[in-house]
Amino acid sequence: MKPEVLVGMSGGVDSTVAAMLLQERGYAVTGVYMKLHDNDAYHAANYAKAKRVGEYLGIEVHFLDISQDFRREVYDYFVEAYRAGRTPNPCVVCNRQIKFGRMLEYADALGIEKVATGHYLRCDGRYVYQALDKGKDQSYFLAEVRPEVLPRLLFPLGEWHKDEVKAYASRVPLLQEIAEQKESSEICFVENDYTEVLQKHMEIDREGEVLNEAGEVVGRHKGYMHYTVGKRRGFTVHGAHDPHYVLSLDPEKNRIVVGKRERLEERSFRIGRINLFENLEEFDCEVKVRYRTRALPAHVRVSGEEGTVELVEPVYALARGQFAVFYDGERLLGGGEIL
């Protein structure tokens, strides 16, 4: 009997090729398109593509509406984090709660053990590893996934480069349109800029004061939610000759604090919401403090639900709310939210 696998299918090239590869390897593939947010035109177009792929492969593609779960656990988290002056990472939270949470529950309801997606990373059932294509590696976004689900996950694209995936899909006439389509944005519900989402829920264009580190008012800004730590434009600093950067936000008073670049330097920070793939309390590793940053040597201490990260060299513009993600070489150790 063929092993069964439920493949998350978005209508894009990566999930399409993932489904094709698994079928070639002898899996009995079932697809699922997950409706996550409320853009009905977006979902209609992409579900139609996923259905076309399903017809070509001879597999069923289910439509799963989990938009209420997504709104409560991912979208609302995103909005409230910015309201509180933090910089969220909704994709990390979505992978824990939705893609490798609700999707696994749906697989259980169908009686299917294995679950697969088109993510670029590798997994041996116990650990997650970086993808062969380091430019597309998405292991960072799985740092918060529950360790107990790893034995059920398959990632067929982990050994592939993106150009190989596109070439593979372009050989099939039906799939050429999918292979050539524009890449989707990292945050599925943000079309252009995150502030377009926020302004649906609150007043974001409320002018406020710019302070220096001494607490003196030195300028004006257009509303604190327009800024993240490290930003250097969009506010005034009277009489400044050197560039000034956002050092911190004060949501309650609608203020931002600015200073020179060297004041953005940090060598240690606290983390919460810690998720590790093995029982570690004190360890050396490499840490990425954002998805697109270089991994830096670090020493981590974990105590209960919080921990501290000590860096060998400094980082700049550390953003509260982002995730610090730990690696041992290519192996993902876990991560935690920067406090």
Side-chain angles (χ1 to χ4, degrees), residues 8-15 33-47 49-50 64-103 117-120 135-145 162 181-206 221-231 233-234 246 249 251 273 288-293 317 319-323 325 335 337-338:
M9 300 183 68
S10 66
V13 63
D14 293 331
S15 60
Y33 179 89
M34 291 179 283
K35 179 185 177 183
L36 302 182
H37 50 81
D38 295 330
N39 187 334
D40 290 336
Y42 171 96
H43 293 299
N46 287 312
Y47 181 52
K49 291 175 188 173
L64 179 63
D65 185 349
I66 46 177
S67 55
Q68 289 187 342
D69 290 331
F70 182 86
R71 185 176 187 91
R72 182 178 62 254
E73 297 178 21
V74 180
Y75 184 94
D76 289 349
Y77 146 80
F78 175 87
V79 172
E80 293 308 313
Y82 274 113
R83 193 196 301 272
R86 300 193 303 274
T87 306
N89 193 310
C91 299
V92 171
V93 175
C94 180
N95 280 330
R96 178 182 174 93
Q97 300 297 114
I98 303 298
K99 290 180 181 171
F100 305 110
R102 298 295 180 274
M103 185 177 166
T117 67
H119 282 85
Y120 285 82
K136 293 297 294 182
D137 172 57
Q138 294 172 298
S139 60
Y140 176 96
F141 297 111
L142 267 75
E144 291 290 297
V145 168
K162 180 70 177 192
Q181 72 188 20
K182 182 182 176 183
E183 289 280 293
S184 59
S185 62
E186 284 182 12
I187 302 176
C188 60
F189 57 87
V190 176
E191 292 186 24
N192 298 301
D193 186 84
Y194 74 94
T195 55
E196 295 177 0
V197 175
L198 300 182
Q199 65 187 6
K200 296 176 183 177
H201 305 280
M202 62 197 90
E203 175 55 58
I204 67 171
D205 297 321
R206 191 163 53 90
H221 66 78
K222 59 184 178 180
Y224 77 90
M225 274 177 279
H226 287 280
Y227 306 92
T228 55
V229 172
K231 189 166 183 176
R233 291 185 173 87
V246 176
L249 309 175
R273 203 169 168 157
K288 295 182 74 169
V289 296
R290 281 183 185 262
Y291 172 46
R292 290 297 186 189
T293 58
R320 271 65 190 173
Q322 285 287 297
F323 284 86
V325 174
E337 185 178 11
I338 299 170

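Everything numeric here is computed off the predicted structure, so don't read it as measured data. Index from 1, following the sequence.
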Problem set entry | Atom pair CD/OG1 of Q322 and T293 - distance to nearest 0.5 Å | 9.0 Å
For this session: Find the distance between CD1 (I204) and OG1 (T195) and round it off to the nearest 0.5 Å.
Result: 4.5 Å
Exercise. Looking only at atom types and distance, does a side-chain atom of Y227 sit under 3.5 Å from a main-chain N or O of K222, one as donor and one as acceptor?
Worked result: yes
For this session: Please say whether the positively charged group of R273, taken as NZ for Lys or CZ for Arg, lies over the ring of Y77, i.e. under 6.0 angstrom from the six-membered ring centre and within 45 degrees of the axis.
Result: yes
Problem set entry | Gap between atom CZ of R102 and atom CG of L64 - 0.5 Å precision | 10.5 Å
Exercise. Taking atom types as modelled and ignoring hydrogens, do the side chains of Y82 and H201 form a donor-acceptor contact shorter than 3.5 angstrom?
Worked result: no
Seminar exercise, completed: Between Y291 and K136, the two heavy atoms sitting closest are OH-O, 3.9 Å
Exercise. Under 6.0 Å between ring centres, would you say that holds for H119 and F141?
Worked result: no
Exercise. What are the two closest non-hydrogen atoms of P88 and A81, and how far apart are they?
Worked result: CB-CB, 3.6 Å
For this session: Specify the closest pair of heavy atoms between H43 and H37, including all atoms of both residues, with the distance to one decimal.
Result: NE2-O, 2.7 Å
Exercise. Is a side-chain donor or acceptor of E203 paired with a backbone partner of D205 at a separation under 3.5 angstrom?
Worked result: yes
Problem set entry | Other residues, nucleotides, ligands: >12 heavy atoms within 6.0 Å of Q68 CD | no
For this session: Evaluate the side-chain proximity of K99 to C94: yes if any heavy-atom separation is below 4.5 Å, no if none is.
Result: yes
Seminar exercise, completed: Closest heavy-atom pair, S15 versus G8, reported as atoms and distance to 0.1 Å, is CB-O, 3.3 Å
Exercise. Under the side-chain contact (heavy atoms from CB on, under 4.5 Å) criterion, do E73 and R96 qualify, and how do the steps go?
Worked result: CA-CA 10 Å; E73 297 178 21; R96 178 182 174 93; over 6 Å; no
For this session: Looking only at non-hydrogen atoms, find the nearest pair between E144 and G335 and report the distance.
Result: OE2-O, 3.3 Å
Problem set entry | Verdict with reasoning, V93 to F323, per side-chain contact (heavy atoms from CB on, under 4.5 Å) | CA-CA 10 Å; V93 175; F323 284 86; 4.3 Å; yes
For this session: Would you indicate whether the side-chain heavy atoms of E337 and N89 approach each other to under 4.5 Å?
Result: no
Exercise. Do I98 and M103 have side-chain heavy atoms sitting under 4.5 Å apart?
Worked result: no
Problem set entry | K162 side chain to Y120 backbone, donor-acceptor under 3.5 Å | no
Seminar exercise, completed: The single option from V190, I187, V79 that satisfies side chain to side chain contact (heavy atoms under 4.5 Å, CB included) with P90 is I187
For this session: Quick one: sort the Y33 and Y47 rings into parallel, tilted or perpendicular, breaks at 30° and 60°.
Result: tilted
Problem set entry | Minimum heavy-atom distance between M225 and Y194, given as atom pair plus value | O-OH, 2.8 Å
Exercise. To the nearest 0.5 Å, how far apart are CZ in F189 and CZ in F78?
Worked result: 4.5 Å
Exercise. Is any side-chain heavy atom of T87 less than 4.5 Å from a side-chain heavy atom of R290?
Worked result: yes
For this session: Find the distance between CG (L36) and CG (D69) and round it off to the nearest 0.5 Å.
Result: 10.0 Å
For this session: Give, for atom CG of N39 and atom CG of N46, the distance between the pair rounded to the nearest 0.5 Å.
Result: 9.0 Å
